J.: 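Provided herewith is a single structure, encoded as structure tokens, for subsequent inquiry.
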Amino acid sequence: MSPDGAAASLDVAIIAKDHRRANGPALRALEDLRLTLPMGQAGAVVGPSGCGKTTLLRLIAGLDRDFTGHVALPAHGRLGMVFQEPRLLPWRSVADNIRIAAPEAHAEEIAALLAELGLADHADHFPGELSLGLARRVALARALAVKPDLLLLDEPLVSLDAPLARELRDRIAALIDEKRITTLVVTHDLPEAIALADRIFLLSPRPAHVVATLDVPAPRSRLTKDAADELETRARAALTAARKAVQ
Amino acid sequence: MSPDGAAASLDVAIIAKDHRRANGPALRALEDLRLTLPMGQAGAVVGPSGCGKTTLLRLIAGLDRDFTGHVALPAHGRLGMVFQEPRLLPWRSVADNIRIAAPEAHAEEIAALLAELGLADHADHFPGELSLGLARRVALARALAVKPDLLLLDEPLVSLDAPLARELRDRIAALIDEKRITTLVVTHDLPEAIALADRIFLLSPRPAHVVATLDVPAPRSRLTKDAADELETRARAALTAARKAVQ
Amino acid sequence: EKLRLALQKTGTTGWELAVVRAFGLDKDAGLELEVTELAAPEAGKIAIQGGSADIIVSDWLWVARERAQGAKLALFPYSTGVGAVMTKDPAIRSVRDLAGKKLGVAGGPLDKSWLLLKAHALKQGVDLEKSATILYGAPPLIAEKALQGELDAALEFWNFAADLEGKGFTRAIEISDVEKALGAKGDVVITGYVFDDAFAAKNRDALARFFAMTSKAKALIASDDRAWAAAAQRIGPKDAATLAIYRKRYVAGVPKRSVAQEEADASALYRVLAEIGGEKLVGPGKTLDPGTFYKGGEAGAH
Amino acid sequence: MIRLVSLAALVGLWQFGAWVSDPRRLPGPLAVFDAILAEARSGALFSNMGITLARVAASFLLAMSLGAAIGYLMGRRRLVDKLLDPWLVVLLNLPALVVIVLAYVWAGLTEAAAIGAVALNKLPNAIVVIREGARALDPRLEEMAQAFRFSRGARLKHLVLPQLAPYFAAATRSGLSLVWKIVLVVELLGRSNGVGFEINMAFQLFDMKLLLAYALPFVALMLGVETLLVQPLERYVARWRRGVA
Amino acid sequence: MIRLVSLAALVGLWQFGAWVSDPRRLPGPLAVFDAILAEARSGALFSNMGITLARVAASFLLAMSLGAAIGYLMGRRRLVDKLLDPWLVVLLNLPALVVIVLAYVWAGLTEAAAIGAVALNKLPNAIVVIREGARALDPRLEEMAQAFRFSRGARLKHLVLPQLAPYFAAATRSGLSLVWKIVLVVELLGRSNGVGFEINMAFQLFDMKLLLAYALPFVALMLGVETLLVQPLERYVARWRRGVA
Ligand SMILES: Nc1ncnc2c1ncn2[C@@H]1O[C@H](COP(=O)(O)OP(=O)(O)OP(=O)(O)O)[C@@H](O)[C@H]1O
Ligand SMILES: Nc1ncnc2c1ncn2[C@@H]1O[C@H](COP(=O)(O)OP(=O)(O)OP(=O)(O)O)[C@@H](O)[C@H]1O
Ligand SMILES: [Mg+2]
Ligand SMILES: [Mg+2]
């Protein structure tokens, strides 16, 4: 089934998603996975490695329509997406990569974005000349350059040093809050999820389904350290329980 | 200059490493970078994104000989390496990828390794059928399967969920200690560095040089939480100072 | 003795060899023939240049050209068979009538018949290249185009001309008549057996017997229906009328005159060709090289 | 299934073409099939096909193995590329006729000359295609192989060949057909048998039926080889691609 | 530099070959150069070269653009591939002679027939190469383009063409030479001018000097085009590759 028409929230109800394989039987990645995210809010997806998070984002982005169930997207103009690997065009410079994906963005906007992400020196580099951390930042810049209304981020801050990751996290959080971008971010880092999201979806091991949904009290920016720690503990417990249940 | 003959320790003294670029002037990645790691010990390299960590590993592995300075490796038979991206052969199954890199490893050894890393179900998958976290674990399995005497790990535990990352970290630490493998691991995660390494090298922003070397008191496994926190604080301070110095 | 021949499979040489085999003429002559059958006329030239054959069939114009460049090849008359301008248009009867028409020329602009026709026309004040539309092409393709009606007339090789004749075309202009108009005294030999001077010197006797043998085969084809049947097998499926034309034209092409006479006429035509074709056609020689015609084979042949 | 339908459509088109045009110029499928049967019964078809196939196989193998080796070297080593490139361009653009004639004149009208001439004609095409493939090899995997000290054999088998596979597929397909076409010319100019020889005979007689009767069995053979051998093999070799998504 | 040295070595080899063999069979460089000059002075060389080049260009552009489009479609769409593949195999393996003769018989001894016949001969080769390229396109980048709603033009220009570049390079190089060789055959069979026509005349006279005098200028032209145009362009297009390490 395919994404349905516009709704007031992101509604995902996947009955089953099987990956067909070259060498063996199909592999069930998602099963009975349901989640709802109000328009303009940010959700975080946390779950064990290989459980089906990337698969979920691909279904939501409409990149894979071979599943049973349905996905309803909030009305949105542009989609911004950060894949788990950078996926830059190796034969185009950093600046061109962004220009091509966001043809409407002005040159100054792109330059400003690059500067913000510490990429000013690298605008005319080819992707092959970047470190992985730099390349990931370019991918992030690309997703932001399209001025998205719907933003899908697959581990956007991995491979960055801690101070930089924290800085970018806060910047993204501010942007989401300001522009009310409906956002879904996949992360393995619970503090990151709590800092970024209004709602956290905890997934079971493969085949993934939502084992718990945690709401982060708004406004997030005023969340106390203690409240955050408590949320983190609850999340960790839920994930551990889900893991145990499978074993 | 190229790696020199065997020594009792890993000795790196790089005067300068420039990356030639297609579109502009060469870019200096490393400058006056010196570090020493006794044979059989584990070192961690921590530094800002894009500072030159991967470049350093490539020089040590002998994959790039276009630099001034010299690198002396401890006598070693096999090199095991985890690149920052998985770099698997997409046209070979998971098991074959490991077999090809480690032709001497027995089938049972490989099966055991796969099981330990939670890859048992994926042995006959092609890399394109893996999630990124799974693929990275395959890359780690490959590096361990060759039974290395010298192990170079470029962010080996990124993109894994927290419990799994911690589990693997402890397993690697145990392996290094037991087999006395000379190891250099790049990470952005200071606790991970402290848990894995005997010695931590903190790098400046690009062009990278070592701004501080911290020794982790042996045996690491008995390190108290407080001592670890203190180490972490010192490391963070050194990194922040180096970052400030450049700005 | 062994002679190595490289011959085009579709050529009339194949007929004669069929008769030779059928009647055991080679054994009578004490010769062992090793025949390489080839698909294209040029292949024979490659064969003799590369030393893969002793005897091929080609024309004296080429032999003279090679001699002028230093190769010592010689030729012994084989056939006077030439083509004709074939047409279905009764209005075409001379070169003058070709003005404004589409004329297909088999073989290309260096074809001997074409050059002779051109010279002949020029003598009558007609520049065919200007007054007519000339289309060059491979002989089978030109014949087919004539049949399709895309061409008003076609200058064809003798065997294609025979085919067209069988399909209702008339022979508007005979190239043998053109030859005579240009100074020849009779039907001039065009093709011959070509071999190396050195080879001829060493195998004088065998060559003489070979020529005598083929001459006998020619005579048999003309006179003996069993011989003709053996030869006709090589032609492929044709109706009886066309076959009859083939035989008639073949017999007409058998050389009847002495080598000296042929050489005199060839020299006359050579001058015409040298004039019209220039150095590109004849090479550096201005007159027919006296060694072009092999003189040592006549005794046995006639 | 689709394949059969498509083939049937092609034959239908041919039949239709034969109907609207003169059957002498384009004989229909049935007439050609009859001619093929006749040639097959006389045994001439098989002996000629056999000899031509042998020539095709020999020159193809020669050209392909040599071309792959040279092309790989030229794609990897800058110096070799610079040294050999002008030769490659010359050989690539030398008319087939020139090569064939020189080969026959030098080596005589022999089988070796024929096969050598064909191989020499195909060689530069194989080089050109494989060279591009070698240039496009992924340096990241190359580094991985170097770090893990892949043996020469493992590197070739697991690293290089899989990446060159699409280039090999292209070079093989277009190369096999090229070799076949050149063999026809070579047979025309200096051999006494083979399909090319027969085809030219048919052309001299303007017997389109016979011409097609000799041209088509090879086409049919290639269709069979594609369907039963090459494409299943290709699907097997490329099965990992389905997963990449 | 190296290029020049290598070319000089090639000419030297040729000169040597001419010395040891009969100059009539392989005339030396000087003799051929003289012949080229003579033909150039008479103007025949230029008019023939011009007309042949025009034919080469027309049929190459036709075959390449059509072949790229069809090849891309076949590489991307399974159904199209299945439908057209048998036709492709047939066209690929149909002897050039058959196609050329049929074209001439049907469309007359016209320029259109000639160019069409050549294009039809080259078409399947272009398809085969580009199809492999289209099959090897990276699906991850494809997905990225889909997510970012690349326009059709941007997809073609920034996603598809750069990935097909090596395949285009291979198809162009081997294709241009193939077209040139087939043009020679087409001119031989049914045109009244052009290099192929002249080469055939030289061949009929077995005048190797004249033959080479007509064959080599095109080779020289291609050498020039390679050195001055194609290779600098290629280096520019592939400059990103140096960085990948
Ligand atoms: N092949 C190359 N050509 C040009 N520049 C390069 C090349 N490889 C790396 N660089 C540059 O060298 C610098 C160091 O790169 P390196 O990959 O070593 O960084 P890193 O420390 O590993 O970063 P990260 O934490 O993001 O992985 C970066 O600025 C990068 O842009
Ligand atoms: N194209 C594919 N073909 C077959 N199996 C696939 C394919 N893509 C993913 N899978 C399988 O589906 C499961 C979920 O994959 P997915 O990439 O969604 O995981 P993930 O949650 O994103 O993991 P990670 O945290 O490692 O990124 C994995 O077991 C993976 O092996
Ligand atoms: Mg994932
Ligand atoms: Mg790095």
Side-chain angles (χ1 to χ4, degrees), chain A residues 19-24 27 29 46-55 83-86 91 93-94 117-119 121-126 128-137 154-155 157-165 168 186-191 203 205-206 232 236 239-240 243, chain B residues 19-24 27 29 46-55 83-86 91 93-94 117-119 121-126 128-137 154-155 157-165 168 186-191 203 205-206 232 236 239-240 243:
Chain A
H19 282 296
R20 258 172 285 163
R21 291 183 43 229
N23 256 347
L27 184 142
V46 180
S49 170
C51 74
K53 303 178 293 297
T54 300
T55 304
F83 292 88
Q84 210 167 357
E85 332 90 79
W91 38 83
S93 72
V94 164
L117 292 171
L119 293 167
D121 290 350
H122 302 280
D124 66 341
H125 282 42
F126 285 108
E129 299 170 338
L130 300 176
S131 78
L132 185 60
L134 289 167
R136 300 191 71 110
R137 279 184 262 164
D154 203 345
E155 299 201 67
L157 302 176
V158 110
S159 270
L160 300 179
D161 58 285
L164 182 63
L168 290 183
V186 169
T187 177
H188 284 302
D189 186 352
L190 279 171
L203 301 192
R206 183 173 61 80
E232 195 178 329
R236 192 159 292 145
L239 287 169
T240 311
R243 206 152 71 119
Chain B
H19 281 297
R20 259 174 284 161
R21 291 183 43 230
N23 256 345
L27 184 141
V46 180
S49 169
C51 73
K53 304 178 292 297
T54 299
T55 304
F83 292 88
Q84 209 167 359
E85 331 90 80
W91 38 83
S93 71
V94 165
L117 292 170
L119 294 166
D121 290 351
H122 301 280
D124 65 341
H125 282 45
F126 285 108
E129 300 170 338
L130 299 177
S131 77
L132 185 60
L134 289 167
R136 302 191 69 111
R137 280 184 261 164
D154 203 346
E155 299 200 66
L157 301 175
V158 110
S159 272
L160 300 179
D161 58 285
L164 182 63
L168 290 183
V186 169
T187 176
H188 284 302
D189 187 352
L190 279 171
L203 300 192
R206 183 173 60 80
E232 194 177 331
R236 193 159 292 146
L239 285 169
T240 312
R243 202 151 74 118

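Here is how names work: the chains are called A, B, and so on, in the same order as the sequence lines, proteins then strands, and each is numbered from 1. Every value quoted in this text rests on a predicted model; they were computed, and no experiment measured them.
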J.: Go through it in stages, so that I can follow the logic: the residues are Thr54(B) and Leu132(A), the test is side chain to side chain contact (heavy atoms under 4.5 Å, CB included), and I'd like the CA-CA distance, side-chain angles, deciding distance and then a yes or no.
T.: CA-CA 9 Å; Thr54(B) 299; Leu132(A) 185 60; over 6 Å; no
J.: Is it the backbone or the side chain of Arg137(A) that comes under 4.5 Å from a heavy atom of chain B, or both, or neither?
T.: side chain
J.: Please classify the contact of Ser131(A) with chain B as side chain, backbone, both or neither, using a heavy-atom distance under 4.5 Å.
T.: side chain
J.: If you apply the rule side chain to side chain contact (heavy atoms under 4.5 Å, CB included), what do you find for Glu129(A) with Val94(A), and how did you get there?
T.: CA-CA 10 Å; Glu129(A) 299 170 338; Val94(A) 164; over 6 Å; no
J.: Relative to chain B, which segment of Leu130(A) carries a heavy atom at a distance below 4.5 Å: side chain, backbone, both, or neither?
T.: neither
J.: Find the one option among Gly24(A), Pro48(A), Ser159(A) whose heavy-atom pairs under 4.5 Å with chain B are most numerous.
T.: Ser159(A)
J.: Looking at CG of Leu157(B) and OG of Ser49(A), how far apart are the two atoms once the value is rounded to the nearest 0.5 Å?
T.: 11.0 Å
J.: Is chain B contacted by the side chain of Asp121(A), its backbone, both, or neither, given a heavy-atom distance below 4.5 Å?
T.: side chain
J.: By a 4.5 Å heavy-atom criterion (distance strictly below it), what part of Gln84(A) contacts chain B: side chain, backbone, both, or neither?
T.: both
J.: Take Glu155(B) and Arg136(B) through the side chain to side chain contact (heavy atoms under 4.5 Å, CB included) test and state the conclusion after the steps.
T.: CA-CA 10 Å; Glu155(B) 299 200 66; Arg136(B) 302 191 69 111; 4.3 Å; yes
J.: Sort His125(A) into side chain, backbone, both or neither according to what part of it lies under 4.5 angstrom from a heavy atom of chain B.
T.: both
J.: Assess whether side chain to side chain contact (heavy atoms under 4.5 Å, CB included) is satisfied between Leu190(B) and Val46(B), documenting all intermediate values.
T.: CA-CA 7 Å; Leu190(B) 279 171; Val46(B) 180; 4.1 Å; yes
J.: Counting heavy-atom pairs closer than 4.5 Å to chain B, which one of Val158(A), Leu160(A), Leu27(A) comes out on top?
T.: Leu160(A)
J.: Any donor-acceptor pair under 3.5 Å linking the side chain of Asp161(A) with the backbone of His188(B)?
T.: no
